Visitor: 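Pasting in a structure now, in structure tokens, and then I'll have a few things to ask.
Atom set for the values below is all heavy atoms of this structure, side chains included, hydrogens, waters and symmetry mates excluded. Keep in mind that this is a model prediction, so the values were computed, not measured.
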Amino acid sequence: MKSGVRLNTLTVFFFVAITVLALGIWYLFLAIVAPSEETHVERIREFFLLPSEYRWFAWIVALFVSVLSAAYFGALIALRRAPGQKQWESKYMAYQELLQSMSELQTWAEETHNDLLRSPVISETRLAELSHEYEVARRTLWGQARVGALTMSDSSVAALQELLREIKAERFRFTAQSAENSNSVHEYTVHCDKLKVLLNSHFAALLQMARKDLG
């Protein structure tokens, strides 16, 4: 949206500038082919305010030249901006996918935690959906950690990789504690809590990085 506003503004600017330039060139032409003793101020006043055999032709020529020039420069600017716009859109989609995947992990941790505490109890169908969404989101994040540098900033990719390392460490901790502790429900609840804390803290940081990178 912002790029479209800038493009329209530049097109209007070129239109006005070329119109003024064309009128100036026409005035110089009149000064050459029709010399007189009038001052420049009088000539300009006569050209714009008084009847003249040249005036309508001059306006038509100036308008024609300015329209063609504005169209040319507008197309040139659009073509030059197109690669940058596509790159921005790719970057936006990458960040959107990243944050959406993190949000799905947060939803899984929140709803699974609530189900373990029976507040409220979640149906088996919903739990299956959450588990599927969790795996898809996790694979998406790992994929972006590998190839995200193609579109996202280095700091964003580094922050994502750090998040995944912390999630992996938490899963190892949960697995080890579950093997030693017979109260698996308690350990699973703690695991969900820790994941929520990790995701919430990193989500805010990555959201800020995305805004900065996208401008």
Visitor: Would you call Glu104 and Tyr134 a side-chain contact if the rule is heavy atoms closer than 4.5 Å?
Guide: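 No. Closest side-chain heavy atoms not under 4.5 Å.
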
Visitor: When the side chains of residues 207-215 are checked against the rest of the protein, which donor-acceptor pairs come out under 3.5 Å, sequence neighbours left out?
Guide:
residue : atom : partner : partner atom : Å
Asp213  : OD1  : Lys91   : NZ           : 3.3
Asp213  : OD2  : Tyr95   : OH           : 2.7
Asp213  : OD2  : Ser153  : N            : 3.3

Visitor: Taking only Lys NZ, Arg NE, NH1 and NH2, and the carboxylate oxygens of Asp or Glu, determine whether Arg165 and Glu162 approach each other closer than 4.0 Å.
Guide: yes

Visitor: Atom SG of Cys192 and atom CG of Asn114: how far apart are they, to the nearest 0.5 Å?
Guide: 9.5 Å

Visitor: Is any side-chain heavy atom of Thr189 less than 4.5 Å from a side-chain heavy atom of Thr112?
Guide: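 With C-beta onward as the side chain, the pair stays apart.
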
Visitor: Closer than 3.5 angstrom, by distance alone: can the side chain of Asp115 be matched with the main-chain N or O of Glu111 as a donor-acceptor pair?
Guide: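 Side chain of Asp115 to backbone of Glu111: no pair is present.
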
Visitor: Once rounded to the nearest 0.5 Å, what's the spacing between atom CZ of Arg146 and atom CD of Gln161?
Guide: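 Here the interatomic distance stands at 10.0 Å.
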
Visitor: Rounded to the nearest 0.5 Å, how far does CG of Leu116 lie from NE2 of His186?
Guide: 11.5 Å

Visitor: Classify the ring geometry of Trp108 against His191: parallel below 30°, tilted from 30° to 60°, perpendicular beyond 60°.
Guide: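 Ring orientation of Trp108 relative to His191: perpendicular.
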
Visitor: Got a second to check how far Arg173's CZ is from Glu170's CD, nearest 0.5 Å?
Guide: 4.0 Å

Visitor: Between the side chain of Ser90 and the main-chain N/O of Lys86, is any donor-acceptor distance below 3.5 Å?
Guide: yes

Visitor: What distance do Glu89 atom CD and Thr151 atom OG1 have between them, rounded to the nearest 0.5 Å?
Guide: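 Glu89 atom CD to Thr151 atom OG1 measures 13.0 Å (nearest 0.5 Å).
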
